[in-house]
Amino acid sequence: MSDDGKVVSWEDAGPGVLVATIDRRPANALGPPIIDGLNALLDEAERRDTRVLVLTSGIPGFFAAGADIKHLGTVDAESFAAYGDRLRGAVERLAEADLISIAAVEGVALGGGLELAMACTMRVSGAEAKYGLPEVRLGLIPGAAGTQRLPRLVGRGRAIDIMATARQVPAEEAAAIGLVDRLVPAGEAAEAALVLAGQLSGLSWPALAALIRTVDAAFDRPFHEGKRFEVEQIHELFVHGEAREGITAFLQKRPPKFG
């Protein structure tokens, strides 16, 4: 836990960059305190007009170990549904936030912890990290969009393999199948994520936001609609975005001055 007692704390890490740390002992179980902390973090990110958010853990060996099983063992069906709604709300709010989010994963990211990481725009993994959605061992299935996001990242067959066997996927395999985007030596995920965040924060935000929208459309729209959406986005960037500054800077052989 941070010095001020927050289980989710944050600090500036450069212009437009916010780095957040989850720290709820012993394993960052995603109970109500972390859910509240994530919502407070996203409130703060909106207030600061954050462009890149890096999400890390303050607990060695754990990114997040999943749902709070001790909490679930004490609730009835109505409370179980309410807890699930709150967790899904925080995860989806992160996924839909108007920023680029980067999960810097060391240790295990299991269950809701992996769902949280998959809700981020990108994932940077330490070499000793492990990933899994083991809910079948509890007689459940993933409930914060894990059954939807994992197949989009790794394909149907691999997703069923990972979930049905409840196995933990080592970082090297996770990188090979597309579950994580960058693989770095153990202990260096946060540093690498911050370097990436710094690179992204210096680019044109309208272009980055349009890029992400257009790539996401590839999963949500038929191909011909996606192509049409791409044309709309690039036209909008040229007319109302920062393309003119980028093109002018290129021709003048100077760095662009993006807002």
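Side chains included, hydrogens not; waters and symmetry mates left out as well; all remaining heavy atoms used.
The pair Glu232-Arg213 does not meet the salt-bridge criterion, since no charged nitrogen lies less than 4.0 angstrom from a carboxylate oxygen. Between Glu46 and Arg93 there is a salt bridge, with a side-chain nitrogen of the basic residue lying less than 4.0 Å from a carboxylate oxygen of the acidic one. One finds a salt bridge joining Asp85 and Arg88 here, because a Lys/Arg side-chain nitrogen approaches an Asp/Glu carboxylate oxygen to under 4.0 Å. A salt bridge does not link Glu172 to Lys130: none of the charged side-chain nitrogens sits closer than 4.0 Å to a carboxylate oxygen. Note on Glu92 versus Arg149: salt bridge recorded, some NZ/NE/NH1/NH2 to OD/OE distance being below 4.0 Å. Taking the charged nitrogens against the carboxylate oxygens, Asp23 and Lys6 have no contact shorter than 4.0 Å, which rules out a salt bridge. In this structure, Glu44 pairs ionically with Arg47, as a charged nitrogen and a carboxylate oxygen lie closer than 4.0 Å.
Between Val54 and Leu18 there is no side-chain heavy-atom pair separated by less than 4.5 Å. Residues Val231 and Lys227 have side chains not in contact (no heavy-atom distance under 4.5 Å, counting atoms from C-beta outward). Side-chain contact between Leu41 and Leu55 is present, with heavy atoms from C-beta onward closer than 4.5 Å. Side-chain atoms of Phe63 and Leu114, non-hydrogen and from C-beta on, never get closer than 4.5 Å to each other.
Seen from the ring of Phe238, Arg244 counts as a face-on cation partner, given the 6.0 Å and 45° thresholds.
Val124 and Val180 fall into different hydrophobic clusters, where Ile, Leu, Val, Met, Phe, Trp and Tyr residues are linked whenever their side-chain heavy atoms come under 4.5 Å apart, directly or through other members. Residues Met163 and Ile177 are members of one and the same hydrophobic cluster, defined by side-chain heavy-atom contacts under 4.5 angstrom among Ile, Leu, Val, Met, Phe, Trp and Tyr.
A pairwise comparison of heavy atoms in Glu106 and Glu188 identifies OE2-N, 3.1 Å as the closest pair.
To the nearest 0.5 Å, the span separating OG1 on Thr50 from CH2 on Trp10 amounts to 10.5 Å. Here CZ of Phe219 is found 13.0 Å from CD of Gln148. Values are rounded to the nearest 0.5 Å. The CG atom of Leu150 lies 12.5 Å from the OH atom of Tyr131; values are rounded to the nearest 0.5 Å. Taking CG of Asn28 as the reference point, atom CG of Leu110 lies at 11.5 Å (rounded to 0.5 Å). For the atom pair CD1 of Ile141 and CG of Leu138, the computed distance is 12.5 Å after rounding to the nearest 0.5 Å. For the atom pair Arg123 CZ and Asp181 CG, the distance stands at 5.0 Å (nearest 0.5 Å).
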Test side chain to side chain donor-acceptor pair (under 3.5 Å) on Ser9 and Thr21; report intermediate values, then the result. CA-CA 5 Å; Ser9 58; Thr21 303; 4.7 Å; no
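With Ser101 contributing its side chain and Thr121 its backbone, the two residues share a donor-acceptor pair below 3.5 Å. Between the side chain of Glu115 and the backbone N or O of Ala144, at least one donor-acceptor pair lies under 3.5 Å.
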